Amino acid sequence: MAVTQSAGAREHWSGRTAFILAAIGSAVGLGNLWRFPVEAGENGGGAFVLFYIACVLLIGLPVLLSEVLIGRHGQASAPESVRRVARESGASENWAILALIGTLAVFLILTFYSVLGGWVLYYIGFFGGEMLSGGYTERGAGDFPAIFDALVANPVLLIVLHGLFMAITAFFVLRGVSKGIEFVATYMLPGFFVLLVGLVIYGAFTGDIGGAATYLFTWDASALTGPVMLAAVGQALFSIGLGGALMIVFGSYAERGINLGSTSGIIAVADTSVALIAGLAIFPIVFAAGLDPAGGPGLMFVSMPTSFASIPGGVFIGFLFFIMVFIAALTSSVSLLEVPTSWAMETFGTARAPTVIVLAVLAFVIGAFAALSFNVLAEFQPLGFIPLFEGLGIFDILDTFTGKLMLPIGALLVAIFTGWVADKKLLDAENGISGGLHILWRFLIAWLCPLVLTVILLVGIFPGLTGG
């Protein structure tokens, strides 16, 4: 697809469909396939899921629309887009700090996200090798905890896999908006959806689909505790990729004729639907194998492979499953790298190729230390003197710092900026909504979103506030 150019030579999506697919691809990642089932499993299932949907609609969607509006109006990197809106609103250009925080957040997320992407590559190779050797079912399921432990205990292998995933990510970002990010979303995302739906159908016939549906959708008011509600809001923020300047950058690549109101709604609904469908794809197989649905991160890398060993054609299904996970991870990682790339190119006047290479190498180096926190640096806790990071290694510090601090701060500042600082006429003129929906969006972004995001931030810093 051809890329159109603005007067300032800014790249644009080739159309509304490309924008939607790219945005969905950025949102649909390990946050849906890995973190959402884990969060649902650890927080009681149905109560978490239903409250999560409400959070997406009342918190996620208003912030998402605000971010793409800022980007489309600014037509620049995230910080410069915020700066332009602030300038035209007669406000301080220092508000650009909100996008700088977001840009740094997504870069840091990329560093450890790539480590997880490396794990996915390992399992693709593992299942592919087992298909060729036929040894998967003969070996039995009991070895998978040991297989995973051996993987994370091998520093050289982890770093090599992490480097390979980062190189694949950089390759597509080097190709630009149309030939890179848009290409990945347009040609890989449909394959992801086919594999996901196919896994649901497979689970319906060979797994416990009834148990999975009951677990995910049965309402249990007693399970809706303060920590569960906060986990749901945080997951909605993390899953769509808000607070990290990503959607501001994607909005900046959108042409003026695209209706951002309806487009944002499609993105939010699609992201939530994938999270729910992922639960219906994963849990039937887990339940049929009699495994714990609240198995934490091991759900994807231990429980699922163990489950595949007990079902017909498990080695082939396992291979397809991790191909699907890889596509989801890649569509997100290319977006994560594009955000700092856009900023650096604009700030330093550099070409795309050297900018991507430098950023990818830097992310690889930081991510290598995160990978080593599972083995040779397992006892290294550099921020252990801070209560929030007590007992955490480098990988978990990066996850906690971005997820509990930087993303909530970024989203909170976006809500305050949109609701109280930016000239309403600037953004209202092109938000694509009117009447009651417009009034509701204005109320949510000015009042509910700042309130809830402030609570999330405080609880992230002081978890004892919930009593949990």
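Computed from a predicted structure; not experimentally measured.
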> Do the side chains of Leu426 and Ser89 get nearer than 4.5 Å, heavy atoms only?
Replying inline: yes

In a table with atom names and distances, give each donor-acceptor pair under 3.5 Å that connects a side chain of residues 378-398 to protein atoms at least two apart or in another chain.
none

>> Restricting to non-hydrogen atoms, name the atom on Phe112 and the atom on Ala370 that form the minimum distance, rounded to 0.1 Å.
In response: CB-CB, 4.4 Å

>> For a side chain to side chain contact (heavy atoms under 4.5 Å, CB included) check, start with the C-alpha distance between Val414 and Phe417, then their side-chain angles and the critical distance, and finish with the verdict.
In response: CA-CA 5 Å; Val414 166; Phe417 180 74; 5.7 Å; no

Distance-only criterion, 3.5 Å: show the donor-acceptor pairs between side-chain atoms of residues 238-248 and protein atoms not counting sequence neighbours.
{"residue": "Ser239", "atom": "OG", "partner": "Asn32", "partner atom": "ND2", "Å": "3.4"}
{"residue": "Ser239", "atom": "OG", "partner": "Asp271", "partner atom": "OD1", "Å": "3.3"}
{"residue": "Ser239", "atom": "OG", "partner": "Asp271", "partner atom": "OD2", "Å": "2.8"}

> With a 4.5 Å limit on heavy-atom distance, are the side chains of Ser114 and Thr169 in contact?
Replying inline: no

>> Are Phe148 and Phe126, when compared by the centres of their aromatic rings, separated by less than 6.0 Å?
In response: no

> Testing Thr347, Thr341, Thr350 for side-chain hydrogen bond (donor to acceptor under 3.5 Å, both in side chains) with Thr355, which one passes?
Replying inline: Thr350

> Between the main-chain N or O of Val173 and the side-chain N or O of Arg352, is there a donor-acceptor pair closer than 3.5 Å?
Replying inline: yes

>> Side chains of Leu320 and Leu199, heavy atoms from C-beta outward: is any pair under 4.5 Å?
In response: no

>> Can a donor-acceptor pair be found, under 3.5 Å and without considering hydrogens, that links the side chain of Thr331 to the backbone of Ala328?
In response: yes

> Taking atom CE of Met324 and atom CD1 of Ile124, what is their separation to the nearest 0.5 Å?
Replying inline: 11.0 Å

>> Treating Thr111 as the side-chain partner and Leu108 as the backbone partner, does any N or O pair qualify as donor plus acceptor under 3.5 Å?
In response: yes

> Just by distance, do the side chain of Arg84 and the backbone of Gly74 share a donor-acceptor pair under 3.5 Å?
Replying inline: yes

> Hey, would you say the Phe107 and Trp343 ring centroids sit under 6.0 Å apart?
Replying inline: no

> Quick one: are Asp423 and Glu88 in side-chain contact, heavy atoms under 4.5 Å?
Replying inline: no

> Is there a donor-acceptor pair closer than 3.5 Å between any side-chain N or O of Thr263 and the backbone N or O of Asn259?
Replying inline: yes

> Ignoring hydrogens and geometry, is there a side-chain-to-backbone donor-acceptor pair from Thr418 to Ala415 under 3.5 Å?
Replying inline: no

>> Quick check: Trp13 with Phe250 (ring centres under 6.0 Å apart)?
In response: yes

> Which atom pair, heavy atoms only, marks the closest approach of Ala86 to Trp95?
Replying inline: CB-CB, 4.5 Å

> Should Leu110 and Met166 count as side-chain neighbours, where that means a heavy-atom distance under 4.5 Å?
Replying inline: yes

>> Testing the basics here: between Leu33 and Met300, what is the closest heavy-atom pair and its distance to 0.1 Å?
In response: O-CE, 3.0 Å

> Which distance, rounded to the nearest 0.5 Å, do you find between the CH2 of Trp441 and the CG of Leu427?
Replying inline: 5.5 Å

>> If you count heavy atoms of other groups shown closer than 6.0 angstrom to CZ of Phe401, is the number above 12?
In response: no

> Under 4.5 Å between any side-chain heavy atoms of Trp447 and Trp420, yes or no?
Replying inline: yes

> Heavy atoms, side chains only, cut-off 4.5 Å: are His12 and Gln75 in contact?
Replying inline: yes

> Where do Ala22 and Ile181 come nearest, in terms of heavy atoms and distance?
Replying inline: CB-CG2, 4.4 Å

>> Run Val334 and Met188 through side chain to side chain contact (heavy atoms under 4.5 Å, CB included) and show every step you take.
In response: CA-CA 13 Å; Val334 294; Met188 292 189 180; over 6 Å; no

>> Is any side-chain heavy atom of Leu161 closer than 4.5 Å to one of Trp119?
In response: no

>> Using the rule side-chain contact (heavy atoms from CB on, under 4.5 Å), only one of Leu151, Leu158, Val156, Val152 pairs with Asn154; which is it?
In response: Val156

>> If I take atom CG from residue Leu337 and atom CD1 from residue Ile109, how far apart are they, to the nearest 0.5 angstrom?
In response: 13.0 Å

> For Phe369, does the CZ atom sit with more than 12 other heavy atoms under 6.0 Å from it, leaving out its own atoms?
Replying inline: no

>> Leu453 vs Ile456, test: side chain to side chain contact (heavy atoms under 4.5 Å, CB included). Steps then yes/no.
In response: CA-CA 5 Å; Leu453 291 169; Ile456 293 176; 4.2 Å; yes

> From Leu444 CG over to Ile439 CD1, what is the distance, rounded to the nearest 0.5 angstrom?
Replying inline: 12.0 Å

>> What's the separation between atom CG in Leu57 and atom OG1 in Thr272, rounded to the nearest 0.5 Å?
In response: 7.0 Å

>> Using side chain to side chain contact (heavy atoms under 4.5 Å, CB included), reason through Phe48 and Phe36 one step at a time and then give a plain yes or no.
In response: CA-CA 10 Å; Phe48 175 88; Phe36 178 80; 3.9 Å; yes

> Which value, rounded to the nearest 0.5 Å, describes the distance between Leu237 atom CG and Leu407 atom CG?
Replying inline: 6.0 Å

>> Can you classify the ring geometry of Phe183 versus Phe172 as parallel (below 30°), tilted (30 to 60°) or perpendicular (above 60°)?
In response: parallel

> Can you check whether Leu260's main-chain N or O pairs, donor with acceptor, with Arg72's side chain at less than 3.5 Å?
Replying inline: no

> Going by the angle between their ring planes, with limits at 30° and 60°, are Phe322 and Phe127 parallel, tilted or perpendicular?
Replying inline: parallel

> Which heavy-atom pair separates Ala254 from Ile258 by the least distance, and what is that distance?
Replying inline: CB-CD1, 4.1 Å

> What's the shortest heavy-atom distance between Ala96 and Pro79, and which atoms?
Replying inline: CB-O, 3.4 Å

> Is any NZ, NE, NH1 or NH2 atom of the basic residue among Glu182 and Arg175 found under 4.0 Å from an Asp or Glu carboxylate oxygen of the other?
Replying inline: no

>> For the backbone of Phe301 and the side chain of Tyr123, can you confirm whether one donor and one acceptor N or O come within less than 3.5 Å of each other?
In response: yes

